[in-house]
Amino acid sequence: MSAVFSEAEIAEIRGRFPILSRQVHGKPLVYLDNAASSQVPSSVIDAMSDFERNHRANVHRGVHKLSQEATEVHEGVRDRVASLLGAACREEIVFARGATEAINLVACTWGATNLRPDSVVLVGELEHHANLVPWQILSSRIGFRIEKIPALDDASLDQAAYRALLERHHPALVAVQHVSNAFGTVHPVADMASAAHAHGALILVDGAQSVPHRSVDVRALDCDFLAFSAHKMHGPTGLGVLWARKELLDAMPPWQGGGDMIDKVSFSGTTFHEPPWRFEAGTPHYVAAAGLHAALDFLEEIGIGRVHAREQELLAHAHEVLGAIPGLRILGTAPDKEGVVSFVLDGIHHYDAGMFLDQMGIAVRTGHHCAQPAMERFGVTGTIRASFSVFTTEEEIDRLAAGVVRLQRVLA
Amino acid sequence: MSAVFSEAEIAEIRGRFPILSRQVHGKPLVYLDNAASSQVPSSVIDAMSDFERNHRANVHRGVHKLSQEATEVHEGVRDRVASLLGAACREEIVFARGATEAINLVACTWGATNLRPDSVVLVGELEHHANLVPWQILSSRIGFRIEKIPALDDASLDQAAYRALLERHHPALVAVQHVSNAFGTVHPVADMASAAHAHGALILVDGAQSVPHRSVDVRALDCDFLAFSAHKMHGPTGLGVLWARKELLDAMPPWQGGGDMIDKVSFSGTTFHEPPWRFEAGTPHYVAAAGLHAALDFLEEIGIGRVHAREQELLAHAHEVLGAIPGLRILGTAPDKEGVVSFVLDGIHHYDAGMFLDQMGIAVRTGHHCAQPAMERFGVTGTIRASFSVFTTEEEIDRLAAGVVRLQRVLA
Amino acid sequence: MTAIDTISQREAEVVEEFALFDEWLDKYEHIIELGKSLSGVDPEFRTDHWKVKGCQSQVWLQPGTEGDLVVFKADSDAAITKGLVALMVRVLSGQPAEAIARAPLGFLESIGLREHLSPTRANGLASMVKQMKLYAAAMSGRGNEGGQDG
Amino acid sequence: MTAIDTISQREAEVVEEFALFDEWLDKYEHIIELGKSLSGVDPEFRTDHWKVKGCQSQVWLQPGTEGDLVVFKADSDAAITKGLVALMVRVLSGQPAEAIARAPLGFLESIGLREHLSPTRANGLASMVKQMKLYAAAMSGRGNEGGQDG
Ligand SMILES: Cc1ncc(COP(=O)(O)O)c(C=O)c1O
Ligand SMILES: Cc1ncc(COP(=O)(O)O)c(C=O)c1O
């Protein structure tokens with residue numbers, strides 16, 4: 001059925017994910033909430049357990065063997081992330097708690113030093129709250145203006161309006177998602193980046209929903225900042241990445257203070273370490289490094305290109321079967337999408353739908369998906385969202401469709 | 001030998017920690033770096049693996065079963081931490097990346113709104129950088145003064161000087177550690193808190209080295225803020241706790257923006273969630289919650305009182321055998337200490353000592369222990385630090401002592 | 001003075017009623033039916049101020065008194081939530097304030113809906129019950145002063 | 001023009017010398033001995049400016065030239081680090097800039113000290129080697145202009 005994988009390959013991939021053998025309410029789990037948190041293959045779980053069992057120790061400056069080993073795992077994954085993203089050097093990779101913290105870091109360092117009361121920041125209308133609220137909080141301190149890049153009816157961003165906003169405001173920064181978590185739209189961030197640069201703006205790309213699903217090269221995008229979370233790419237929770245151009249990081253003041261981010265500390269004055277460590281205060285979540293190594297192994301072995309291609313097949317199938325259901329309306333119909341289908345049902349609250357699907361063993365996300373302005377744009381309080389993974393099957397999507405039809409009978 | 005545990009009990013406890021069967025450079029590991037990161041019993045590793053295998057899903061607002069289960073684990077551990085600390089309610093517990101982030105949170109929220117250019121913050125001379133640098137960074141923005149609470153020669157804090165500082169400066173805040181990570185000193189924080197309050201100051205207690213080793217009750221201490229890290233108490237990395245009095249949290253503005261910390265978001269204005277969620281932006285490290293549950297089970301089963309009593313035995317033994325070595329000087333000789341022994345060797349660099357001990361399979365920490373002002377106070381660039389756990393044995397301490405004597409022969 | 005039918009009598013009634021259903025689908029259909037019979041809140045209560053926090057679906061709660069008794073009206077935009085809300089109103093409305101404040105509400109457990117009372121549940125039933133008990137406590141504190149705008 | 005003894009010849013010499021030791025203790029004792037023979041840096045180079053970053057022990061590095069060759073002096077406050085530093089100086093000092101910049105330095109692997117070259121190592125030997133190569137590259141860029149203050 002798939003042109004990317006054989007049945008046997010799909011079965012083999014599914015076999016790596018222990019959670020897929022779970023039953024929920026007596027039915028086999030259909031996990032379609034991958035955009036919220038992806039699942040982990042055994043190799044990732046085992047890598048972290050093995051690390052805890054054999055190598056656990058606090059990293060950096062420890063002379064003893066365990067600390068050396070842990071440091072090598074931790075700093076080693078920085079190299080791998082750097083090459084995954086096509087970064088110029090490993091020092092461009094800053095670890096944070098997640099995409100959210102990564103974006104807050106940019107706001108509180110680059111933003112706090114470069115934005116002025118008369119600055120303008122352009123923010124996409126579909127952004128996850130993680131890429132809007134940090135700018136609002138900073139704006140309440142500094143006083144700059146936030147202008148919205150409006151979305152069109154297909155949940156793409158209005159590129160003409162974007163260019164007009166650049167012309168009119170000469171913004172200092174454009175903060176935009178690569179892929180919409182609410183609707184799946186892939187935005188043309190490379191084009192948006194060159195337009196931003198042509199108008200003297202920097203561009204921050206929220207890659208939380210792109211890096212796990214397609215090859216993302218920061219040089220090809222030519223962006224300035226990129227953020228994402230490991231837990232959405234078959235990796236550990238509590239770990240995220242900020243990539244930023246070296247020149248920018250070098251000029252950014254520290255944010256959080258503590259261990260590891262300093263050079264010399266005294267009561268009379270403190271100097272700070274080089275990037276990226278300047279931005280990594282405190283004991284890092286070093287066990288996660290072992291997990292991220294294994295997650296990257298998994299993605300490399302499967303191939304991110306094949307992950308993407310497979311998810312495109314699933315997306316097409318989902319649009320077909322869900323799109324055929326009367327009373328179901330898909331939000332997000334732009335041509336370029338990742339594996340996310342968001343929909344509403346006539347006369348049925350998304351919460352009720354989610355509850356019913358759950359009883360059928362089908363895990364979807366319902367509600368505003370941390371993108372309330374995007375919901376408002378489409379005049380809804382929330383949607384029902386199915387989001388796919390490389391292990392998702394057409395049968396699972398069919399079960400979702402059948403579940404929707406069944407719940408419509410009861411609820412509509 | 002121990003009055004707290006039988007030999008069999010000690011063996012049984014050690015058997016729970018897989019890493020203790022590791023060999024390092026062909027010798028059985030002697031892990032004496034517990035203050036940097038503690039080790040984890042199998043139950044903690046298994047709890048997290050099991051969670052990943054069976055319950056992993058993003059928490060909060062998810063309608064489906066996995067998300068419900070994950071949320072119950074995650075929010076459930078908040079209840080347990082609240083009762084561990086004697087908090088007034090679960091809403092007083094804020095999760096952060098670690099003690100470091102917890103302290104930075106206080107600086108960037110309470111500090112940023114309550115400190116003025118003419119304010120004074122008292123900071124202990126022995127603080128970990130995590131409890132000094134955040135105040136320095138904030139001070140560079142606001143301009144308040146940081147005054148040092150000086151340490152005495154036994155690495156206790158000068159209580160007379162502290163009271164004089166309170167009198168003279170009427171500080172807004174006292175930031176002080178409960179237990180020194182560099183020297184093990186237990187500071188009289190309950191007394192210091194009542195003195196602080198009598199002078200109108202709030203007090204933040206860095207509990208990173210106390211909560212894992214003794215019973216800490218925030219009401220008994222009568223402090224205002226308390227921070228600690230899970231990875232130092234047999235728990236997961238990447239998770240820390242801020243406890244703060246409800247009234248304080250209620251009045252604190254948000255810090256990081258993103259998912260989960262909001263009430264309503266729109267481009268025209270955003271309102272925020274109640275504490276503690278207001279301070280927990282982004283997907284939390286929810287897998288860690290499963291690990292922290294298991295770590296608390298472990299500590300409850302052994303009993304924190306017995307952990308403390310056992311570590312006191314080890315401390316006494318270490319002072320005895322190390323104190324008897326010519327050319328070895330213990331720094332930190334206050335009567336009330338936790339299980340930490342820091343020392344310097346005449347004519348021998350701590351780095352060389354650490355390297356030699358590592359070759360003998362003995363893991364100690366060497367260097368400044370993220371407490372450079374404390375090192376400066378004692379005129380050293382660093383020390384050799386052995387820190388104990390409930391699983392440490394007298395034999396291991398004897399191996400350390402023998403190793404020191406041996407390395408002195410080569411290096412002195 | 002006690003109500004003719006106590007909270008626990010009402011709970012027992014609900015438990016008996018739900019005993020008919022083996023299947024989750026039947027149970028939820030029944031819950032949804034119950035919701036349809038809910039009278040809803042008066043228009044001036046359908047505002048943010050009277051909304052219960054922490055629900056993915058919206059819930060409005062209108063407290064009031066009738067003589068010595070506390071009465072509730074409620075509404076929700078989601079069918080299942082509305083049914084659950086109707087159940088709570090049916091059991092608690094028209095009872096003395098002290099009884100409401102003290103009610104253990106074990107019936108949700110008996111009919112297999114205990115999970116809905118979890119504070120982590122996205123429907124926020126737990127928040128609603130807490131809110132109902134707070135209103136009841138406030139009313140009992142005020143004795144017989146009555147008044148609709150608690 | 002090539003040096004009489006090349007870097008790889010010097011490396012081979014070191015490897016041969018260390019082949020004598022089976023025991024880590026003997027090896028480290030030898031390293032410490034080597035450190036004792038290090039002449040140290042001139043007083044004006046024993047400052048923060050000439051310190052190599054990223055070491056738990058302190059390392060000072062003094063670059064210079066003699067004719068076409070790059071020469072190094074170095075020092076450390078820790079005995080093992082000083083020995084390692086002495087090894088590096090012995091192999092690299094007095095060699096042409098291009099040769100230093102290109103040297104693969106495989107000998108540390110052969111004598112079982114490769115781990116010390118890891119950038120995560122607290123002694124910062126990796127930083128020192130990087131610094132030596134940077135100086136060499138800078139000197140070769142300047143051709144024969146010479147000068148002590150790199
Ligand atoms: C006394 C003290 N405070 C704060 C910290 C910082 O903890 P973390 O690095 O886990 O954030 C430590 C850890 O070394 C510590 O010992
Ligand atoms: C587009 C987008 N941005 C940012 C985030 C925030 O990621 P995290 O919650 O892992 O910090 C998410 C996660 O939901 C997302 O989908």
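Values reported hereafter were calculated over all heavy atoms of this structure, with side chains retained and with hydrogens, waters and symmetry mates removed. So you know, we letter chains A, B, ... as the sequences are listed, proteins then strands, and number each from 1.
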Student: With the side chain counted from C-beta on, respond yes when A/I137 and B/W255 share a heavy-atom pair under 4.5 Å apart, and no when they do not.
Tutor: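 A side-chain contact is absent here, since even the closest heavy-atom pair is not under 4.5 Å.
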
Student: Below 4.5 Å from any heavy atom of chain A, which atoms of B/V123 appear? Answer side chain, backbone, both or neither.
Tutor: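 Both backbone and side chain.
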
Student: Rounded to the nearest 0.5 Å, how far apart are OG of B/S49 and CE of A/M48?
Tutor: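 Rounded to the nearest 0.5 Å, the OG-CE separation comes out at 7.5 Å.
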
Student: Can you give me the closest heavy-atom contact between A/C370 and B/G259, atom names plus distance?
Tutor: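 Reported closest heavy-atom pair: SG-CA, 3.8 Å.
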
Student: Looking at side-chain heavy atoms only, is the closest gap between A/L66 and B/R22 below 4.5 Å?
Tutor: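 SC-SC contact between A/L66 and B/R22 confirmed.
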
Student: Among B/L105, B/V133, B/V44, B/V59, which residue has the highest count of heavy-atom pairs closer than 4.5 Å to chain A?
Tutor: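 Between B/L105, B/V133, B/V44, B/V59, the count favours B/V133.
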
Student: Of all of B/A288, B/A371, B/A363, which one pairs up most often with chain A through heavy atoms under 4.5 Å apart?
Tutor: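 Most heavy-atom pairs within the cutoff with chain A belong to B/A363.
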
Student: Where does A/F17 contact chain B at under 4.5 Å (heavy atoms): side chain, backbone, both or neither?
Tutor: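 A/F17 has no heavy atom closer than 4.5 Å to chain B.
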
Student: Among the options A/L20, A/N104, A/V287, A/L132, pick out the one with the most heavy-atom pairs lying under 4.5 Å from chain B.
Tutor: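 With the most close heavy-atom pairs to chain B, the winner is A/N104.
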
Student: Between B/D33 and chain A, with a heavy-atom cut-off of 4.5 Å, which part of the residue counts as in contact: side chain, backbone, both or neither?
Tutor: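 The answer is the side chain of B/D33.
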
Student: For a quick test of reading the model, state the closest non-hydrogen atom pair linking A/A57 to B/S37 and the distance between them.
Tutor: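 Here A/A57 and B/S37 meet closest at C-CB, 4.4 Å.
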
Student: Could you tell me if the side chain of B/H350 sits less than 4.5 Å from the side chain of A/V63, heavy atoms only?
Tutor: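 No; the side chains remain at least 4.5 Å from each other.
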
Student: Which heavy atom of A/G257 sits nearest a heavy atom of B/P134, and at what distance?
Tutor: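 Smallest heavy-atom distance, with atoms named: O-CG, 3.5 Å.
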
Student: Under 4.5 Å from any heavy atom of chain B, what part of A/S38 do you find: side chain, backbone, both or neither?
Tutor: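 Both the backbone and the side chain of A/S38 come within 4.5 Å of chain B.
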
Student: Can you confirm whether B/T237 sits close enough to A/P284 that some side-chain heavy atom of one is under 4.5 Å from a side-chain heavy atom of the other?
Tutor: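 No, too far: nothing below the 4.5 Å cut-off.
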
Student: Find the one option among B/N34, B/L138, B/V40, B/N131 whose heavy-atom pairs under 4.5 Å with chain A are most numerous.
Tutor: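 Highest number of heavy-atom pairs under 4.5 Å: B/V40.
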
Student: Between B/R97 and A/E280, is there a salt bridge with N-O shorter than 4.0 Å?
Tutor: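 Judged by the 4.0 Å cut-off on N to carboxylate O distance, A/E280 and B/R97 do not form a salt bridge.
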
Student: Taking side chain as everything from C-beta outward and backbone as N, CA, C, O, which of these in B/R53 sits under 4.5 Å from a heavy atom of chain A? Side chain, backbone, both or neither.
Tutor: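 Interface part for B/R53: both.
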
Student: Against chain A, label B/M261 side chain, backbone, both or neither, depending on which of its atoms sit under 4.5 Å from a heavy atom there.
Tutor: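 Just its side chain gets close to chain A.
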
Student: Less than 4.5 Å apart, any side-chain heavy atom of A/T283 and any of B/T100?
Tutor: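 A/T283 does not reach B/T100 side chain to side chain.
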
Student: Indicate the atoms forming the closest heavy-atom contact of B/S67 with A/R365, along with that distance.
Tutor: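 Closest heavy-atom pair between B/S67 and A/R365: OG-NH2, 3.5 Å.
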
Student: If you apply the rule side chain to side chain contact (heavy atoms under 4.5 Å, CB included), what do you find for A/L29 with B/H64, and how did you get there?
Tutor: CA-CA 10 Å; A/L29 169 67; B/H64 62 79; over 6 Å; no

Student: Side chain, backbone, both or neither: which part of B/V265 has a heavy atom under 4.5 Å from chain A?
Tutor: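 The answer is both parts of B/V265.
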
Student: Quick check on the interface: out of B/G98, B/A281, B/G269, B/A96, who has the most heavy-atom pairs with chain A under 4.5 Å?
Tutor: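 Looking at each of B/G98, B/A281, B/G269, B/A96 in turn, B/A281 comes out on top.
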
Student: In Å, rounded to the nearest 0.5 Å, how long is the span from CG of A/D260 to NE2 of B/H129?
Tutor: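 A/D260 CG to B/H129 NE2: 10.5 Å, rounded to 0.5 Å.
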
Student: Quick check on B/Q136 against chain A: is it the side chain, the backbone, both or neither that has a heavy atom closer than 4.5 Å?
Tutor: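 Contact with chain A: side chain only.
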
Student: Looking at side-chain heavy atoms only, is the closest gap between A/K65 and B/I362 below 4.5 Å?
Tutor: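 No - every pair of side-chain heavy atoms lies 4.5 Å or more apart.
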
Student: Using non-hydrogen atoms only, which part of B/D46 is less than 4.5 Å away from chain A: side chain, backbone, both, or neither?
Tutor: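 Just the side chain, heavy atoms under 4.5 Å.
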
Student: Determine whether A/I262 and B/Q372 satisfy the following criterion, side chain to side chain contact (heavy atoms under 4.5 Å, CB included), listing intermediate values before the conclusion.
Tutor: CA-CA 10 Å; A/I262 53 86; B/Q372 289 181 10; 3.7 Å; yes

Student: For the CD1 atom of B/I45 and the CG atom of A/D50, what is their distance to the nearest 0.5 Å?
Tutor: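 So the gap between those two atoms works out to 9.5 Å.
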
Student: So how far is it from B/R377 CZ to A/S266 OG, rounded to the nearest 0.5 Å?
Tutor: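 Reported to 0.5 Å precision, the distance equals 15.0 Å.
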
Student: Please classify the contact between B/W135 and chain A as side chain, backbone, both or neither, with a heavy-atom cut-off of under 4.5 Å.
Tutor: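 Looking at B/W135, nothing touches chain A.
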
Student: Is it the side chain or the backbone of B/E69 that comes within 4.5 Å of chain A heavy atoms, both, or neither?
Tutor: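 Side chain only.
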
Student: Is A/N58 close to chain B through its backbone or its side chain, or both, or neither, when contacts mean heavy atoms under 4.5 Å?
Tutor: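 Interface part for A/N58: both.
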
Student: Quick one: what part of A/E101 sits under 4.5 Å from any heavy atom of chain B, side chain, backbone, both or neither?
Tutor: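 Looking at A/E101, backbone and side chain both touch chain B.
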
Student: Go through it in stages, so that I can follow the logic: the residues are A/K264 and B/E376, the test is salt bridge (Lys or Arg N to Asp or Glu O under 4.0 Å), and I'd like the CA-CA distance, side-chain angles, deciding distance and then a yes or no.
Tutor: CA-CA 11 Å; A/K264 277 204 185 131; B/E376 211 180 297; over 6 Å; no

Student: Please lay out, stage by stage, how A/Q256 and B/I103 fare under the test side chain to side chain contact (heavy atoms under 4.5 Å, CB included).
Tutor: CA-CA 9 Å; A/Q256 299 185 34; B/I103 297 170; over 6 Å; no

Student: Answer with side chain, backbone, both or neither: which region of A/H231 has an atom nearer than 4.5 Å to a non-hydrogen atom of chain B?
Tutor: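 Contact with chain B: backbone and side chain both.
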
Student: Which atoms of B/H55 are under 4.5 Å from chain A, going by heavy atoms: the side chain, the backbone, both sets, or neither?
Tutor: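 Backbone plus side chain of B/H55, per the 4.5 Å heavy-atom cut-off to chain A.
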
Student: Would you say the side chain of B/N54 lies within less than 4.5 Å of the side chain of A/I19, judging by non-hydrogen atoms?
Tutor: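 A side-chain contact is absent here, since even the closest heavy-atom pair is not under 4.5 Å.
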
Student: Counting heavy-atom pairs under 4.5 Å with chain B, which one of A/R141, A/H368, A/M355 comes out on top?
Tutor: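 With the most close heavy-atom pairs to chain B, the winner is A/R141.
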
Student: With a 4.5 angstrom heavy-atom cut-off, could you sort out which part of B/E52 is near chain A: side chain, backbone, both or neither?
Tutor: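 For B/E52, heavy atoms of backbone and side chain both lie under 4.5 Å from chain A.
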
